[in-house]
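This report concerns only the one structure given below.
Throughout, protein chains are lettered first and strands after them, A, B, ... in sequence-line order, and every chain is numbered starting at 1.
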Protein chains: 2
Amino acid sequence: MGVVPADRQRAEVTQGPRAGVVATRRRGDTLLEAIFDAVFDQLRTVGYANLTMDRVAAAAGTSKTVLYRRWATKEGMIADALRHRLPSPGDIPLTGDLRADVHALLRCVQASFSATRGTAFQLVSAEAGCGRPAIRQTIIDHVVEPCVELIGEVLRRAAERGEIRPEAASELVAASGPAMLVQYSLIREPVVPDEFVASVVDQIVLPLTTRSASAEHR
Amino acid sequence: MGVVPADRQRAEVTQGPRAGVVATRRRGDTLLEAIFDAVFDQLRTVGYANLTMDRVAAAAGTSKTVLYRRWATKEGMIADALRHRLPSPGDIPLTGDLRADVHALLRCVQASFSATRGTAFQLVSAEAGCGRPAIRQTIIDHVVEPCVELIGEVLRRAAERGEIRPEAASELVAASGPAMLVQYSLIREPVVPDEFVASVVDQIVLPLTTRSASAEHR
DNA sequence: TTCATAAGATACGAATCCGTATCCAATTCG
DNA sequence: CGAATTGGATACGGATTCGTATCTTATGAA
């Protein structure tokens, strides 16, 4: 369990009147970034179960005092790290092109994996038994449900335009893309490759929107 | 964190020559079942991160010595509990009826949730950073991959019979059903309802076997 | 330059957990 | 019935983590 302090991150060459002097301390956002980096690094290397305030402090090259000044609990700190790093589905520009929009939203789900070093869905069930699952809610509220809802909206508009069958504008179909990515991230590799995202769009989500070729299975 | 010892489980009325005498100790499989019950109960109530040998022993109404006689680690104990409780996809009789077989296999995935009190996929990422992820491999090897493979097999046979388009006999399509159930278990409720399984079969997997993305979306 | 603020270092007591050792005794089987 | 096996109880030392307190000092702004 090698904890590598981020010594190199602390020696910054400053600008301004004391230009050239190597700063020894970080402040504000710079420090926050280092702490969040350490959080995801620890999640990646030791997992949620073994992540401790002690270890995050060491990995960030700071002291526990600094962490406790900001957060009362490990869970609060992780939830903040997630809020800071997770992409915002609502920021995705939607164009009205069904394939492009579905693809863009799935890439947002994909981005939630890479932004958190592949640990996002590792954390969804981490807080079992916890009365207020802040981490779990952050992930679900911030990424999963908005993406499923936005995909649903994209499907509804496509149905209104007559591009897809009306029944395809369902929550099940909207959830199918994210479901494939979640499973891939959990079972295969934490970070989902671009090609997989594209094939989920083309071989799962879009086919579900087209009309039935036959009813022979019933 | 109320740990309720299973006192009631220990007073068994014995059969045989000492019939009627209330036994105070459990042995063999009876004891194992109690331990495994305690494991899943603890996973459900405090999560993997907070599950300890001390607590499992207390919840099972036994001593740590009994646990350490059988398992060197918490992970080994959990992996054994899973092997004992998880369903075996290979045991599912396949009939050649596409819908029935896909449904049966998805119900097997569903059973893995209920058999473990909804904790199966909570554990998939529990061992991040661990060199030999016994728990994760148990779940993936025991349920997920066999089910995806068997669904793939069912699809291939259906394609051979000319019931579905050949391109639908793909791993992506085979994985879509389990993906929907995994996501539901993680995001919604740990245990998947029957109706959801049925709608995944009818509204996701089966439609994927007959449809493809049409050219108009490009 | 001065001062307020926040970073960083360190120490500390309490609690928990782990893994082991030892012992007693319930249970089962020959 | 007696012996072997296994269940259960308990104690213990060591390690780790938590959360807090205290102090020094680097940093940035006025």
Are any of [X]'s side-chain N or O atoms less than 4.0 Å away from OP1 or OP2 of [N]?
X        : N       : value
Thr24(B) : dT27(C) : yes
Thr62(B) : dG8(D)  : yes
Arg26(B) : dG8(D)  : yes
Arg55(B) : dC17(C) : yes
Arg70(B) : dG7(D)  : yes

Starting at the 5' end of DNA chain C, which residue's closest nucleotide do you reach first, Lys64(A) or Arg69(B)?
-> Lys64(A)
Taking 4.0 angstrom as the limit, do Arg85(A) and Asp37(A) come out as a salt bridge?
-> yes
Short N-O contact, Arg44(A) and Asp41(A), less than 4.0 angstrom | no
Could you tell me how far apart [X] ([atom1]) and [N] ([atom2]) are, to the nearest whole angstrom?
X        : N       : atom1 : atom2 : result
Lys74(A) : dT16(D) : NZ    : C1'   : 13 Å
Asn50(B) : dC18(C) : CG    : C1'   : 16 Å
Arg25(A) : dT25(D) : CZ    : P     : 9 Å
Tyr68(A) : dT17(D) : OH    : P     : 11 Å
Trp71(B) : dG7(D)  : CH2   : P     : 10 Å
Asp54(A) : dT10(C) : CG    : C1'   : 12 Å

Which atoms form the tightest heavy-atom contact between Leu67(A) and Met53(A), and what is the distance?
-> CD1-O, 3.5 Å
With a 3.5 Å cut-off and just heavy-atom distances, do the side chain of Thr65(A) and the base of dA7(C) make a donor-acceptor pair?
-> no
Contact class for Thr52(B) (heavy atom, under 4.0 Å): base, sugar-phosphate, or nothing?
-> sugar-phosphate
From CA spacing to verdict: side-chain contact (heavy atoms from CB on, under 4.5 Å), Val192(A), Leu106(A) | CA-CA 10 Å; Val192(A) 180; Leu106(A) 288 190; over 6 Å; no
Flag, side chain of Gln42(A) to backbone of Val56(A), donor-acceptor distance under 3.5 Å | no
Is the backbone of Leu186(B) close enough, under 3.5 Å, to the side chain of Arg136(A) for a donor and an acceptor to pair up by distance?
-> yes
Quick one: on DNA chain D, does Leu31(B) or Arg27(B) contact a more 5' nucleotide (nearest heavy atom)?
-> Arg27(B)
Can you give me the N/O atom pairs linking the protein to nucleotides 1-3 of chain D at distances under 3.5 Å, or say none if there are none?
none

Arg99(A)/Asp202(A) under side-chain contact (heavy atoms from CB on, under 4.5 Å): CA gap, chis, key distance, verdict | CA-CA 8 Å; Arg99(A) 184 183 184 281; Asp202(A) 293 329; 2.7 Å; yes
